[in-house]
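Beneath this line is the structure, given in structure tokens, with notes to follow.
Worth saying up front: this structure is predicted, and the values here are computed from it rather than measured. Lettering follows sequence order; numbering is per chain, from 1.
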Amino acid sequence: MERLRRPGVVPLIIAFYMFILYAPVLLLPVFSLNDSIYMNFPLKAFTTKWYVEMANDVSLIKSLWASVKIALIAAFVSTVLGFLAAKAVTQYQMRWKGVLIGFIMLPLIVPSIILGASLLSFFRQFLDVNLSLWTVGLAHVLICIPFSMLVLVARLEGFDRSLEEASYDLGMSAWQTFRRVTLPLAMPGVLASMLLSFMVSFDEFLLAYFLSGNQATLPVYMFSLIRFPKSMPAVLALGSVILILSVVIIVVAEWLRRGKVKT
Amino acid sequence: MPSSEPMISISGVSKHFGPVKAVNNVSLDIARNEFFAILGASGSGKTTLLRMLAGFEIPNTGEIYIEGEPVSEIRPNHRPTNMVFQSYAIFPHLNVRENISYGLLNKKMTKAKINEEVDAMLELIRLPNYGHRAAHQLSGGERQRVALARALICHPKVLLLDEPLGALDKKLREEMQIELRQLQRKVGITFVFVTHDQEEALTMADRIAVMSEGKIIQVDTPGTLYETPSNIEVAEFIGNINLLRGTVESTSDNTSDIVVIDAGQVGQLSVPKGQNKINSGDSVVLAVRPEKLRITTEAPGNGYNGIRGKMIAESYAGDRSYYYLNVEGLSRRLRVANLNEYPSAVRSKANEDEEVWVVWPIESGLLLTA
């Protein structure tokens, strides 16, 4: 232990960890600005042409929009459902509460490949519906609910029940109470849940791979491009853009989640 | 104060939570403009009763009438009652003005009219410049006043208060006791409050209902409740009291007569018969408050009871001192309270382990049936 305390050793270890964790990710933006279709050193010349190429790739933009649409819907639906579940769990004493929460959380630990395979046979053989962005969206709602639920339970716990009772007592209906008291107080949690669900859905690959029809989502489309070196740089460019947006969204979500109810 | 038709009439109301009878067949009338206290230990059902008045709980049996109208079917948002919650439940996302005006939002009122009403309320609670303060900037006492204003602005027929002073420190609590009373007189609204603090109930209320295990065991004015509790439970719950058990030796039919009881080793004691119907040989209890007792070295004179005891402890509480005595034949220590009127009286008249007389005028005792 003493040896580790020597100046310079701990920072060195931290630097090493950081390198292992982030170097591969940071290669993305570096090579996306390099004038070569191959990802190797030494770097050749600075260019932004891959970003232009990315913007001009029609199927890429289409798949990007498909993913954004699915993620928006999944974020909204899972937040609504997660909110209802979180409200019930935090407000009422109920039997089997632990079991109930367990079932809602289950998609977190069921391997995606199993979930994907079973949803595929459920949609195709059992319901006989055609695969489309809708089937992907439904699957994404399923895996986003646990995240919404976790964020919202944390927010609604410690919520003073008498605030809602006070509103009711002061003449408001149940709906008015929800709109004027419950929702504003839960808002940071609601926004955090939406952002988190959006991200979970947006970069989800396995379920989308199983369940998408003719229109691929962005991760699926990107995966299909990786086989062709020529299209790699545009993927890198898009990857860099998404990376930066993801970091921003997650930071904002965390920041919102940590805001406590002031009472 | 009390007029002919009660403001609130609770008739045979019971409320069960599973097997627990929180409120058990309670009947009670509360008069118009009365400041009414429901006093009880935690778990006595007092809060459940208050929540039934507010509409948050529905009675399983019985009915509650407000100005003669049954209200069980009426939801909290349509009842002519408003509540001050124990936690005050100030909306944290709204400022003071928005909190107070909350109950007016549903009424068809102009903004100017609402502002006028809020200003009047801020004046009433003596926080005139607090309108724009955020909820988290308020102290405990200020939060309570805002909660009061927020409820009163709706002009309820009945204001319900759940442990209104419980969250405040001692000094502020004493101030608010007086202030709440003045406020109640000023607005002329029936106040019903729940408390576990007997002092709070005695100082503020016109009448007090004492609750225990879901039942009301006595309803009376503070003075009557303290001086002549109707049973041992009430006597012990409110203030301190010494209980001396014995059997009736002689009795007569006249209510003003004095009863002599045999308290075993403690000796013979006299006590006014009061309203009790008793016969010779009945086991009874003589109850006497600590402040009615005096410690002396001399045997009691005519019209006084006296018992011998050994001083075992005294505790000095500033304005008064408490003395504890062991009395032969008494399972509990006798408690005596004396006001420290003079500086010299701060020290007791007796030393520890000294045998002394404890005396009290016969009419200060109270006869209770065991």
Side-chain angles (χ1 to χ4, degrees), chain A residues 79 83 86-98 151-194 252-253 255-263, chain B residues 17-18 47 50-51 53-57 74-95 98-109 133-138 140 143 146-156 158-163 167:
Chain A
T79 298
F83 188 94
K87 190 88 180 90
V89 163
T90 52
Q91 181 169 336
Y92 301 110
Q93 290 296 328
M94 52 178 121
R95 237 194 276 196
W96 308 112
K97 189 193 271 188
V151 169
L152 288 163
V153 163
R155 182 72 194 179
L156 294 179
E157 245 166 23
F159 201 85
D160 184 0
R161 271 289 285 145
S162 53
L163 290 172
E164 285 167 307
E165 286 185 343
S167 166
Y168 206 28
D169 185 65
L170 290 165
M172 296 295 169
S173 65
W175 166 248
Q176 286 171 320
T177 295
F178 173 77
R179 197 166 53 84
R180 289 184 184 279
V181 175
T182 316
L183 194 58
L185 290 178
M187 198 39 98
V190 169
L191 291 179
S193 155
M194 287 204 182
V252 170
W255 179 68
L256 286 171
R257 194 181 63 80
R258 289 193 185 182
K260 288 273 169 339
V261 192
K262 278 177 272 170
T263 40
Chain B
F17 296 110
T47 301
L50 192 78
R51 288 175 62 80
L53 291 176
F56 294 124
E57 308 287 352
I74 303 176
R75 288 163 174 254
N77 50 342
H78 294 125
R79 280 201 193 191
T81 58
N82 282 110
M83 183 139 158
V84 174
F85 290 82
Q86 187 172 10
S87 63
Y88 304 143
I90 303 294
F91 301 124
H93 58 302
L94 303 179
N95 67 22
E98 291 164 334
N99 261 286
I100 295 178
S101 63
Y102 193 85
L104 300 181
L105 298 180
N106 256 357
K107 305 194 169 154
K108 290 195 167 49
M109 285 173 90
R133 296 262 177 122
H136 65 89
Q137 290 175 307
L138 301 175
R143 298 170 85 81
V146 172
L148 268 167
R150 187 179 68 179
L152 287 173
I153 206 167
C154 302
H155 299 294
V158 180
L159 185 73
L160 306 167
L161 305 103
D162 188 5
E163 301 270 2

Can you say whether B:Phe91 sits under 4.5 Å from chain A via the side chain, the backbone, both, or neither, judging by heavy atoms?
both
Polar side-chain atom of B:Asn99 near backbone of B:Leu94 as donor-acceptor pair, under 3.5 Å
yes
By a 4.5 Å heavy-atom criterion (distance strictly below it), what part of B:Tyr102 contacts chain A: side chain, backbone, both, or neither?
both
CE/B:Met83 to CZ/B:Arg51 distance, rounded to the nearest 0.5 angstrom?
6.0 Å
Out of B:Leu104, B:Ile153, B:Asp162, B:Asn82, return the one with the most heavy atom pairs under 4.5 angstrom to chain A.
B:Asn82
Heavy-atom pairs under 4.5 Å with chain A are the metric here; pick the option from B:Gly55, B:Pro76, B:Ala151, B:Ala134 that has the most.
B:Pro76
Mutual orientation of the aromatic rings belonging to A:Phe83 and A:Phe178 [parallel < 30°, tilted 30-60°, perpendicular > 60°]:
perpendicular
Chain A contact via B:Arg79 - side chain, backbone, both or neither, heavy atoms under 4.5 Å
neither
Would you say the side chains of A:Glu164 and A:Thr182 form a donor-acceptor pair under 3.5 Å?
yes
Can you tell me which portion of A:Arg180 sits under 4.5 Å from chain B's heavy atoms? Options are side chain, backbone, both or neither.
both
Within the distance-only criterion (no hydrogens, no angle test), does the side chain of A:Arg155 pair as donor or acceptor with the backbone N or O of A:Met187 below 3.5 angstrom?
no
